[in-house]
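Below is one structure; the comments refer to it alone.
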Number of protein chains: 2
Amino acid sequence: MKKARSPVEPRGKISESTVRRLSSYLRLLHEADALGQETISSEELAERGGTTSAQVRKDLSFFGSFGKRGLGYSVPELLREIEGILGLHRRWRVALVGAGKIGSALFSYRDFQRRGFHIQAVFDSDPGKVGASWGDLRVRHDQEMDRAIREDAIDIVIVAVPAEAAQGVVDRVVGAGVRAILNFAPTRLRVPESVALRYVDMTVELEGLAYAISGERLR
Amino acid sequence: MKKARSPVEPRGKISESTVRRLSSYLRLLHEADALGQETISSEELAERGGTTSAQVRKDLSFFGSFGKRGLGYSVPELLREIEGILGLHRRWRVALVGAGKIGSALFSYRDFQRRGFHIQAVFDSDPGKVGASWGDLRVRHDQEMDRAIREDAIDIVIVAVPAEAAQGVVDRVVGAGVRAILNFAPTRLRVPESVALRYVDMTVELEGLAYAISGERLR
DNA sequence: GGATGTGAATGTCTTCACAGCT
DNA sequence: AGCTGTGAAGACATTCACATCC
């Protein structure tokens, strides 16, 4: 019997696209699980996830053999496995920097909490915002940030400040030991190699759409 | 003298990553232009855009020869060229569906307007939200959507409704002739081949970060 | 029988390296 | 001399196709 590799020991380096797809398989698995579906095929995962069955199997094969030939995958089991792979068995401590419109929308985004990402602190430099009650948190002053991040053992920082302020914030949180950053500010950031950084850039997406529909291009 | 190809006639099919990078070069060019910088090298574009100079030159070469050897690129000229490539010489008419927290944050996001993406209409199905004043718009009822999208000649729809409602919205707006959709709902959508679709999926990004920092993986 | 797991083949994207202009 | 533009090489990702096992 072939043993599944430990989820933290993938074979080879895993591409960002594979990780993204795992995340989307996970979402489908949650949906299927909620419906009481017990088993799922690579074909079904593929179809609903916008890829091919071979791709699904390949993605999973980097981490182990989770299916049964002739049958498919057990929904709850695969769900657990992917959670393990992505590191979602634990609670992640998140801080939000920037209490403006975007910060506020992110704060009330229920999905984060549901997936184990817990916002522990909110910071802003605007004295008009500091002190406001957000859920059971209070918006704290920017000055407290560095210390609070250490004390609260924050794992991930979400940056939702204006572009001009973003690099400064990032330098400070990296200095405070944060190793993962999700940036909503419309600017490219510099971080040390050891820090994971992702961008959510709505302008880039809109411009991509503009490109796709302007002129009559063959796609 | 080598002539630049027409911006709407790229050589070959252009990858999504190239288009994304063009968008980010454009941002840098706007910054450089605002500072009065007249010329820029592929090296500088690369460094500040998180890629390599060869990549920058290759990306641009799909569309023409915009630089001067020994000198680099003229900032205002390259800016114009990339705007042309991406289709930003025109105003894009955007509708926002979903007047919740995320919709509201997107509505007040100044960068869209600045880049030529103008929100012309906002829709929601919640009677409690319909009629509210947003800037000089009023939130309109969902029922009006199909007709309004045709009448307002909407080019792009931003979907910011709950996951369960998203596919229904998309089917309707596609039926109303929309060919580009930016989806913020945490679900995968089905659209005809001819419709351009992009996702902004914050959960996928956070899970990607979790993967990157959980365990001690070599990257 | 039916779906997985996976080498091999194919396809795509990135990097190299240098000829060619300015 | 300096920096672009670009074929060719190399790296990486996806798809094929089939042996393997439930």
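Letters go in sequence order (proteins before strands), and every chain restarts at 1. Model, not experiment: these values are computed from the prediction.
- The CZ atom of Arg57(B) sits 16 Å away from the C1' atom of dC13(C) (whole-angstrom rounding).
- Electrostatic pairing of Arg90(B) and Asp155(B) counts as a salt bridge here, judged by a charged N lying under 4.0 Å from a carboxylate O.
- One atom, OH of Tyr73(B), and another, P of dT22(C), lie 14 Å apart when rounded to the nearest Å.
- A salt bridge between Arg20(B) and Glu16(B) is present, with a side-chain N of the basic residue lying under 4.0 Å from a carboxylate O of the acidic one.
- Checking Ser41(B) against Thr18(A), the closest nucleotide of DNA chain D that is more toward the 5' end is the one next to Ser41(B).
- If Leu71(A) and Ile40(B) are placed on DNA chain D by their nearest nucleotide, the residue sitting closer to the 5' end is Ile40(B).
- Note on Thr52(A): a side-chain N or O is less than 4.0 Å away from OP1 or OP2 of dT15(D).
- A straight line from NZ of Lys68(B) to C1' of dA1(D) spans 18 Å, rounded to a whole angstrom.
- The distance from atom NZ of Lys58(B) to atom P of dG7(D) is 7 Å, rounded to the nearest whole Å.
- The base of dG20(C) lies close enough to the side chain of Arg69(B) for a donor and an acceptor atom to sit less than 3.5 Å apart.
- Per the geometry, CD belonging to Gln55(B) stands 16 Å off P belonging to dA11(D), to the nearest Å.
- Close to dC3(D), at under 4.0 Å from its OP1 or OP2, lies no side-chain N or O of Ser42(B).
- Rounded to an integer number of Å, the gap from CZ of Phe63(A) to P of dT6(C) is 13 Å.
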Chi angles and distances behind the side chain to side chain contact (heavy atoms under 4.5 Å, CB included) call for Val169(A), Val173(A): CA-CA 6 Å; Val169(A) 166; Val173(A) 304; 4.2 Å; yes

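- Put simply, CZ on Phe66(A) is 8 Å from P on dG5(C), counting in whole angstrom units.
- A residue-by-residue look at Ile14(B) and Ala54(A) shows that Ala54(A) has its nearest nucleotide of DNA chain C further toward the 5' end.
- Atom CD in Glu43(A) sits roughly 15 Å away from atom P in dG5(C) (whole-Å rounding).
- With salt bridges taken as basic N to acidic carboxylate O contacts below 4.0 Å, one links Arg172(B) and Asp142(B).
- Minimum interatomic distance between Thr18(A) and Phe62(A) (heavy atoms only, all atoms of both residues): OG1-CE1, 4.0 Å.
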